[in-house]
Amino acid sequence: MRRMSDFARLRECGRTQRHPLIILSYAENNLEHNRYGFIAGRRLGKAVKRNRARRLMREAVRCCHPNLHPGYDIVLIARTAIVGQPFEAVDAAVTNLLARAQLFTTAPVPGGAAGDRASDSY
RNA sequence: CAAGUUGACCGGGCGAUCGCGGAGCGACAAUGUUUAGCUCUGAGGAAAGUCCGCGCUCCACAGAGCACGGUGCUGGCUAACGGCCAGGCGGAGCGAUCCGACGGAAUAGCGCCACAGAGAAGCAUAUUGCCGGCCCGGACCACCGGGCCGGCGAGGGUGAAACGGCGGUGUAAGAGACCACCGGCGUCCCUGGCGACAGGGGCGGCCAGGCAAACCCCACCGGGAGCAAGGUCAAGCAGGCGCGAUGGAGUGGCUCGCUCGGCGCCGGGUAGACUGCGCGAGGCGGCAGGUAACUGCCGUCCCAGAUAGAUGAUCGCCGCUCUCGUAUCGAGAGAACAGAACGCGGCUUACAGGCCGGCUUGGAUG
RNA sequence: CGGGGCGUGGCGCAGUUUGGCUAGCGCGCUACAAUGGGGUUGUAGAGGCCCUGGGUUCAAGUCCCAGCGCCCCGA
């Protein structure tokens, strides 16, 4: 997502799920594919901390993406507790949030993304 | 060997899989925000803070004066600088070395120096004192105590700072009152140096406090804005009111000059694409000039370009640090500060750990 | 990218202009008095290395430099 108006629309009529590390906001977009947005505000710290949080969320979403329903705008907002967390914690948080929002096509296997990676390395 | 001081450098390495940004080629398909695939490439020493200086772009051709701001020993380097190099002076240290906004207060002005102290900036002062004369009291004298008048700036004391220092002459006691030497000030001359300045000599007056990092004076520098600069294209909208040539806009604090030819307020619309945008005051190596900063020549290399903003995830081996154990080995844990946004030269600040060199002082040995 | 402001007891602010004497004010806090008890009131008191580190000065909350944190404005 790269328009200010898209984010504004989601803030107006999107639905949200909360987690101590991340807040999920989502809504249907009437397209054939998903669009994603990541927000890491000044509250998290300076550039290194904010970049780190955004990259971990991006990687977690990339692993889940093949198993998600198409046609949604999905925005992940980092909270201050995410600073210093390892990838496993962020991945678990994203999987948990997407499962609670019922965006998975298949049953949300715990650590399904991890199994995907296991098949990649043999 | 130990302690110290200083300069330069590194900022884990190699490989595999899955992803992301950029450039080029591009089968199939056929003009799509083209795609699969292949090749190359993708954060730092500070990319940071944004404290200075430039390039670049626009504002007339970048102009004048004032105001304002900055810099402040000398010479050099540079595109430029508040940076760097070399030197001078002052200070700290045994020393290597380090630190210094380091022009001006007899060039002028408005000024400040609290408290304490007798007196705090000009020819200042008499508290404790020292000395002389007179008077009174005690006493055989020497002398002691008190009062009045006068002289004095040496000693004590206050303070951050008290109007030169040691010695002598002199005197009732003293004092640059006078003398020699020294320090410091002003001025003239000689020598060395481009210069700051240093060394030496003559003369003068006897001695002149500090603060300009509050204002100020002097010298030098600075036109304004900034890549959201600027340029091209596309999309979209609706006008209304007021002022209007000794005026308005470009123009920013003022005046002049120059140029342009309506301007202001309210309301309405759009905030998309391309370009600027990376061959550069560029990196590395060599040679030459220069004490050095730096410069010139030759060779060689192409080395990030995102735009809700690309560097991430997982694993193997090696290296480093710590802990534990069955201890030339094994297991576990850890590894700083920090992320390009037009580019560059500096400065400043943050930083785990490591490596190399110079110099100084002290000790031991030969 | 450019510009401006703030940081002083627990809280809100003065003082910074032109450096100096014990850094003040209001609310709050503690103790005592007054009341049967509480509030109001009165009296007394505690609480500050003036955001941090350097520098100038005899002397810095104040002047200068660097840093940290927060807030605001313009494009």
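Naming convention: chains lettered A, B, ... in sequence-line order (proteins, then strands); numbering from 1 in each chain. In this text, all values refer to a predicted model and were calculated from it rather than measured experimentally.
- When atom types are taken as modelled, the side chain of A:Asn34 and the backbone of A:Tyr72 share a donor-acceptor pair closer than 3.5 angstrom.
- Regarding A:Arg52, its CZ atom lies at a distance of 17 Å from the P atom of B:A43, rounded to whole Å.
- Atom P of B:A228 sits at a distance of 29 Å from the matching atom of B:A79, rounded to the whole Å.
- Contact annotation: the side chain of A:Leu68 approaches that of A:Leu98 to within less than 4.5 Å [non-hydrogen atoms, C-beta and beyond].
- With a glycosidic angle no further than 90° from 0, B:A245 counts as syn.
- Rounded to the nearest Å, the gap between the P atom of B:A43 and that of B:A313 is 16 Å.
- Rounded to the nearest Å, the gap between the C1' atom of B:C347 and that of B:A80 is 15 Å.
- The P atoms of B:A293 and B:C189 are separated by 42 Å, rounded to the nearest whole Å.
- In summary, of the residues considered (A:Ile74, A:Leu21, A:Val61, A:Leu56), a side chain to side chain contact (heavy atoms under 4.5 Å, CB included) with A:Val94 occurs for A:Val61 alone.
- Distance, A:Leu56 CG to B:U311 C1': 13 Å, rounded to whole Å.
- For the atom pair CG of A:Leu10 and CE of A:Met1, the computed distance is 5.5 Å after rounding to the nearest 0.5 Å.
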Tabulated below should be each protein N or O lying under 3.5 Å from an N or O of nucleotides 70-75 of chain C; please produce it.
none

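- Residues A:Phe104 and A:Thr95 form a side-chain contact, since some pair of their non-hydrogen atoms from C-beta on lies under 4.5 Å apart.
- B:A177 adopts an anti glycosidic conformation, its chi angle falling more than 90° from 0.
- When both distances must be under 3.5 Å, the Watson-Crick or G-U wobble mate of B:C337 is B:G44.
- The partner of C:U43 is C:A31, by the rule that a Watson-Crick or G-U pair needs both atom distances under 3.5 Å.
- At whole-Å resolution of the value, CD in A:Glu59 and C1' in B:C20 are 10 Å apart.
- Proximity note for A:Glu88 (side chain, C-beta onward) versus B:G309, B:U314, B:C18: the nearest is B:U314.
- When the C1' atom is used for both B:G75 and B:C123, the distance is 45 Å, rounded to whole Å.
- A 4.5 Å side-chain heavy-atom check between A:Arg58 and A:Tyr36 finds every atom pair outside the cut-off.
- Distance A:Phe7 CZ to B:G309 C1': 12 Å, rounded to the nearest Å.
- Between the side chain of A:Asp73 and the backbone N or O of A:Tyr26, no donor-acceptor pair lies under 3.5 Å.
- Remark: C1' of B:G312 and CZ of A:Phe87 are 9 Å apart, rounded to the nearest angstrom.
- Of the candidates B:A308, B:G19, B:A313, the closest approach to any side-chain atom of A:Arg62 belongs to B:G19.
- As rounded to whole Å, 14 Å separates atom C1' of B:A48 from atom CZ of A:Arg50.
- Across all strands shown, B:G164 forms a Watson-Crick or G-U wobble pair, both distances under 3.5 Å, with B:C182.
- Note: CE (A:Met57) to C1' (B:G19) measures 17 Å, nearest angstrom.
- Nucleotide B:C233 has B:G272 as its partner under the Watson-Crick or G-U criteria, with both atom distances under 3.5 Å.
- Here B:G312 sits opposite B:C18 as a Watson-Crick or G-U wobble pair (both hydrogen-bonding atom distances under 3.5 Å).
- Between A:Leu24 and A:Leu76 there is a side-chain heavy-atom pair separated by less than 4.5 Å.
- In this structure, B:C303 shows a glycosidic angle within 90 degrees of zero, which is the syn conformation.
- Within the 4.5 Å cutoff, the side chain of A:Ile82 has heavy atoms near those of the A:Met57 side chain.
- The gap from the P atom of C:G12 to that of C:G28 amounts to 16 Å, rounded to the nearest Å.
- Both distances falling under 3.5 Å, in either a Watson-Crick or a G-U wobble arrangement, place B:G87 opposite B:C73.
- Classified by its glycosidic torsion, B:G93 falls in the anti category, the angle being over 90° from 0.
- Here the P atom of nucleotide B:A310 and the OH atom of A:Tyr36 are 18 Å apart, to the nearest Å.
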**Request:** Please lay out, stage by stage, how A:His19 and A:Arg79 fare under the test side chain to side chain contact (heavy atoms under 4.5 Å, CB included).
**Result:** CA-CA 9 Å; A:His19 186 273; A:Arg79 310 180 79 174; over 6 Å; no
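- The gap from the C1' atom of B:C130 to that of B:G155 amounts to 9 Å, rounded to the nearest Å.
- Rounded to whole Å, the separation between the P atoms of B:C38 and B:G334 comes to 37 Å.
- Base pairing of B:G239 is made with B:C266, judged by Watson-Crick or G-U wobble geometry with both donor-acceptor distances under 3.5 Å.
- Taking the nucleotide of RNA chain B with the nearest heavy atom to each of A:Arg58 and A:His33, the more 5' of the two is matched to A:His33.
- For B:U39, the paired nucleotide is B:A23, the pair qualifying as Watson-Crick or G-U wobble because both relevant distances are below 3.5 Å.
- Stacking between A:Phe38 and the base of B:A308 is absent under the criterion of ring centres within 5.5 Å and planes under 30 degrees.
- Base orientation of B:G332: anti (glycosidic angle beyond 90° from 0).
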Short N/O separations, protein against nucleotides 333-340 of chain B, under 3.5 angstrom:
residue: B:G339; atom: OP2; partner: A:Val48; partner atom: N; Å: 3.3
residue: B:G339; atom: N7; partner: A:Arg55; partner atom: NH1; Å: 3.3

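- Remark: A:Arg100 engages A:Asn96 in a side chain to side chain donor-acceptor pair (under 3.5 Å) (not counting sequence neighbours).
- Between A:His69 and A:Gln102 there is no side-chain heavy-atom pair separated by less than 4.5 Å.
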